[in-house]
Amino acid sequence: MAANIPSSLRRIASRIAPRARTDLEIVLLLYIPLLAMLFGFVAPLFIVVVEASKMDFGELTSSYYIDLSPEAFSNFITVRELPNIIRISVNGFDLGVIGNSVVNALLVTFIAALIGSTTAILIGLYRFPGRRLLAILAYIPLLIAPFVNAYVMQRYFGKSFTFNTFSYILSEITRPLIDKNIMIEFSGQAGVALAQILMFYPIVYINTLAALGAIDATLVEQAINLGARGWRLIRSIILPLVMPGVLAGSSLVFILSLEDVGAPIIFRFHKVMAYQIYQYFQSVGSEASRPAVAALSFLMLVFAALPLIVVRRYLSLRYYARLARGAPRPFRGLRLGRRGLAAVYLVVLPVIATAAAPQIGVVILAFSKKWIGPLPELLPPGSMFTNFATLAEMEGVMRSIYNSLSYVAQALVFIALLGFMAGYATARARLPGASILDILSSLPLAVPGLVVAFSYYVFFTTYFQGSMLDPVLFPAHVLVLAYVMRKIPFTVRSVFTAVIQTPEELEEAARSLGARRARVIRRIVLPLVWRGIVAGLLLSAIYVLSEVSVSITLGGLKGSMVSPDHVGPITFAILQLTTQATVVAGGTQPHAKAAALAVILMAIEAVVITIASRLARRGQALVTV
């Protein structure tokens, strides 16, 4: 490879880094992905800052955006007692667009961290009957069924024309006891928070479990020998050691809650920043609102970056000791006492089962005719697959599946090339810019998808109008580029981890015998790190398939699902089926067909997660910062 490099390029590279004279390949491996990140990630975000500067931020202090008056909590919870019914409606608060987004994200993060870390510690530290069942239930919410699971949550706990499922069950219990039906409804901010907590807590769970699996058993055993038991053992030893995992998962939950647009759409709670940005794409051409949307995008970017900065700062100040040298000895687990068992069976297990219920409900809805009351109406045994058969006859749905597979294939080519280059260079390059590439290759995880979508739309319509990167003319091209930039961190981190676990001495020995860097990579590095590359690509693929924010905004620029040339992927079709009752076919509820499409997506996700978890040890590559 090096022999084909023009001499002028060698001279330019050697000025950047003296090592380029003898190792030009490492220069290319470092600076090609760095330039790609600067063009595809940094430049569009910079445009958001420029657009936001045109906005008078004083307008964002109005009560529409921030409302701290007592009236913001006036409708938090209402109780109405009728002759035969006690109706409890939990609506939450209304602190304005910005206040709602931030406070809701903090609330969701705190409760998700509490549930996720508690579950992980119980499963990872103790042994008890039902532990495997609890572990399986805790993983189920990781199967993403965008919009449909929020709809099922609404059927479980939200408003309905009669009872929701929870109220139906509760009434069946209370009617014989007190001769009254009790209805409990979650709507507005409370419904959004409930849905997000149950959707996102597994992210904290899996990160905490990975951190727990890395603890050396010697530390725990010595603490037990010194008398530490129960809560004291957890508080003094376990929590400090798993705190990196808890904080990493909590940071991602905060970002995901901040950018989530599915739950606000389903629960019709539109006074959040995510929905305001999404609405901009529903009325493209209303450029008068661009500065306000840019300001909200900028604020969302700042709010999302803050927890990551704090977490990294906190972790850099902490030192977590290990007594063993080399790989830690795994911990075999403790027996759980009576009080612990009571807490598991009476508190934790019901919460985890409730969290898994939406995904189970999505599967049930896929085989139902409709679900508009407390319980779904199942299809007859001979017509169980009606919704799946109807999907096959809907041209717009089949196009969305084709679009998704096409986008994944295209994105993976670039992710594989740039991801390997970035992962290898950050692990091996000792050149200027390596640390910047390391930061930039992880930063997309901290940037909300809606901010990426808005920045791409403004950047490419302004500077690439009429070209192949104009999102109005060729949204699919920009969509693939956004997928590459947003999902490349999973491959980069996986490659980086695999490379640093490979002895560098092997490469140095080969190079001392005259082998060029390209030959060393081909003959030594790739055979040793291929598992990490494949695991990273699988994770990137699954997150491309389940991408929501970018898909429903940039993917909707060519019209709705009934448009013959629409470019929306699967998640866009699910949104259309869930929210547009006019899309009817097959005699079943549109939501049931959306559930069938979501089941197909979940099946793909389950296969990919299983393969990736086996390749990436302990699932550490699934989610982390």
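These numbers come from the heavy atoms of this one structure, side chains and all, not from hydrogens, waters or symmetry mates.
Looking at E81 and R87, no side-chain N of the basic residue comes within less than 4.0 Å of a carboxylate O on the acidic one, giving no salt bridge.
Once rounded to the nearest 0.5 Å, the distance linking CD1 of I238 with CE of M243 reads 11.5 Å. One distance of note links OH of Y168 with OG of S171; it measures 9.5 Å at 0.5 Å rounding. The CZ atom of F269 lies 10.0 Å from the CG atom of N91; values are rounded to the nearest 0.5 Å. We find the CG-OG distance between N75 and S89 to be 7.0 Å, quoted to the nearest 0.5 Å. Note that CG of L479 and OG1 of T553 are 8.0 Å apart. Values are rounded to the nearest 0.5 Å. A distance of 4.5 Å separates CD1 in I203 from CG in L256, rounded to the nearest 0.5 Å.
Other residues, nucleotides and ligands place more than 12 heavy atoms under 6.0 Å from the CZ atom of R175. More than 12 non-hydrogen atoms from other residues, nucleotides or ligands lie less than 6.0 angstrom from CZ of F93. Atom CZ of F46 sits in a sparse spot, with 12 or fewer heavy atoms from other residues, nucleotides or ligands closer than 6.0 Å.
When every heavy atom of S549 is checked against every heavy atom of L450, the shortest pair comes out as CB-N, 3.7 Å. The two residues G373 and R155 make their nearest non-hydrogen contact at O-NE, 3.7 Å. Residues L597 and A573 share a closest heavy-atom pair of CD2-CB, 3.8 Å. Closest heavy-atom contact between A274 and L258: CB-O, 3.7 Å. The heavy-atom pair separating T578 from A594 by the smallest distance is OG1-CB, 3.6 Å. Listed here is the closest heavy atom pair of Y278 and I265: CE2-CD1, 3.8 Å.
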Stepwise side chain to side chain donor-acceptor pair (under 3.5 Å) test for T588 and K593: CA-CA 7 Å; T588 59; K593 288 184 279 290; 3.2 Å; yes
Evaluate side chain to side chain contact (heavy atoms under 4.5 Å, CB included) for S400 paired with H566, printing each intermediate quantity in order. CA-CA 8 Å; S400 70; H566 87 85; 4.0 Å; yes
Which is it for V293 and F454 under the side chain to side chain contact (heavy atoms under 4.5 Å, CB included) test, yes or no, and what are the steps along the way? CA-CA 8 Å; V293 174; F454 176 74; 3.6 Å; yes
Given side chain to side chain contact (heavy atoms under 4.5 Å, CB included), test K369 with Q589 step by step and report yes or no. CA-CA 6 Å; K369 182 178 182 180; Q589 186 186 10; over 6 Å; no
Which is it for N104 and Q196 under the side chain to side chain donor-acceptor pair (under 3.5 Å) test, yes or no, and what are the steps along the way? CA-CA 10 Å; N104 180 73; Q196 290 181 347; 3.0 Å; yes
Set out, in order, the CA-CA distance, both residues' side-chain angles and the distance that settles side chain to side chain contact (heavy atoms under 4.5 Å, CB included) for L296 and Y65, then state yes or no. CA-CA 10 Å; L296 291 177; Y65 290 100; 4.1 Å; yes
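F303 is not listed as a side-chain neighbour of I255, based on a closest heavy-atom distance of 4.5 Å or more. Side-chain contact between S546 and E605 is present, with heavy atoms from C-beta onward closer than 4.5 Å. Inter-residue side-chain proximity for R235 and P240 is flagged as unmet; no heavy-atom pair is nearer than 4.5 Å. Using a 4.5 Å heavy-atom threshold, the side chains of I364 and P376 count as touching. The side-chain heavy atoms of V447 and F41, taken from C-beta on, include a pair separated by under 4.5 Å. Within the 4.5 Å cutoff, the side chain of L95 has no heavy atoms near those of the Q189 side chain. Looking only at side-chain heavy atoms (C-beta outward), V272 and V97 stay at 4.5 Å or farther from each other. Within the 4.5 Å cutoff, no side-chain heavy atoms of T571 are placed close to those of E547.
Between the side chains of S69 and E71, at least one donor N or O lies within less than 3.5 Å of an accepting N or O. In the model, N100 has a side-chain atom that pairs as donor or acceptor with a side-chain atom of D94 under 3.5 Å. Under the 3.5 Å distance criterion, with hydrogens and angles disregarded, no donor-acceptor pair is assigned to the side chains of S368 and E377. Side-chain contact annotation: Y483 with S551, donor-acceptor N/O pair under 3.5 Å present.
Between the side chain of S101 and the backbone N or O of M273, at least one donor-acceptor pair lies under 3.5 Å. Between the side chain of Q576 and the backbone N or O of M561 there is at least one donor-acceptor pair closer than 3.5 Å. Listed for the N164 side chain is a donor-acceptor partner under 3.5 Å among the backbone atoms of G158. Without hydrogens or angle criteria, S441 side chain to P489 main chain gives no donor-acceptor distance under 3.5 Å. Side chain of T174 to main chain of K180: a donor-acceptor pair is present (N/O by atom type, distance under 3.5 Å, no hydrogens or angles). Looking only at distances, a side-chain donor or acceptor of S404 sits under 3.5 Å from a matching main-chain atom of I570. When atom types are taken as modelled, the side chain of T165 and the backbone of P374 share a donor-acceptor pair closer than 3.5 angstrom. Under a 3.5 Å cut-off, the side chain of Q154 and the backbone N or O of Y156 do not form any donor-acceptor pair. In this structure a side-chain-to-backbone donor-acceptor pair under 3.5 Å is present from S53 to V50.
Residues Y463 and F459 bring their aromatic ring centres within 6.0 Å.
Residues passing the side-chain contact (heavy atoms from CB on, under 4.5 Å) test with A150, sequence neighbours excluded: I266. Under the side-chain contact (heavy atoms from CB on, under 4.5 Å) criterion, I184 pairs with I88, F166, S167, L170, I182, F186, sequence neighbours left out.
Note: Y456 and F460 have perpendicular aromatic rings, judged against thresholds of 30 and 60 degrees for the angle between ring planes. Aromatic ring pairs are classed by plane angle as parallel below 30°, tilted from 30° to 60° and perpendicular above 60°; the pair Y280 and Y457 is perpendicular.
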